[in-house]
Amino acid sequence: MSTIPVNETAAADPTSVLAAARSAVADALFDLEQAWRNPRPEAVVAAARRHLAAAENWADARREGA
């Protein structure tokens with residue numbers, strides 16, 4: 001199940017949900033790249049976990065038909 005927030009009063013546009021998920025992946029990857037440049041192990045691991053979670057949400061959104 002995707003964790004992208006959706007306004008429940010209006011039907012979600014599938015393309016906007018997918019675009020939001022893709023944007024979250026790009027943002028998380030950017031954070032990971034920034035953490036890697038000044039490597040502190042805990043910061044890199046946290047950024048990698050955020051990236052993985054965002055990628056899973058994007059995959060879920062795609063499976064749900066968005």
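Bear in mind the structure is a predicted one, so any value in this text is a computation, not a measurement.
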(request) For residues L32 and V44, report the shortest heavy-atom separation together with the two atoms involved. (result) CD1-O, 3.7 Å
(message) According to salt bridge (charged side-chain N to carboxylate O under 4.0 Å, His left out), does anything in residues 16-31 pair up with another residue at least two apart or in another chain? List the pairs.
(response) none
(message) Measuring from atom CG of L52 to atom CG of N57, what distance do you get when rounded to the nearest 0.5 angstrom?
(response) 9.5 Å
(request) Please collect all side chain to side chain donor-acceptor pair (under 3.5 Å) contacts where either partner lies in residues 40-55, sequence neighbours excluded, each pair once. (result) R40-E42
(request) Please name all residues satisfying side chain to side chain contact (heavy atoms under 4.5 Å, CB included) with E33, sequence neighbours left out, ordered by chain then number. (result) L29, F30
(request) Sequence neighbours left out, what passes side chain to side chain contact (heavy atoms under 4.5 Å, CB included) with R37? Give chain and number order. (result) Q34
(request) Indicate the atoms forming the closest heavy-atom contact of A54 with A28, along with that distance. (result) CB-CB, 4.2 Å
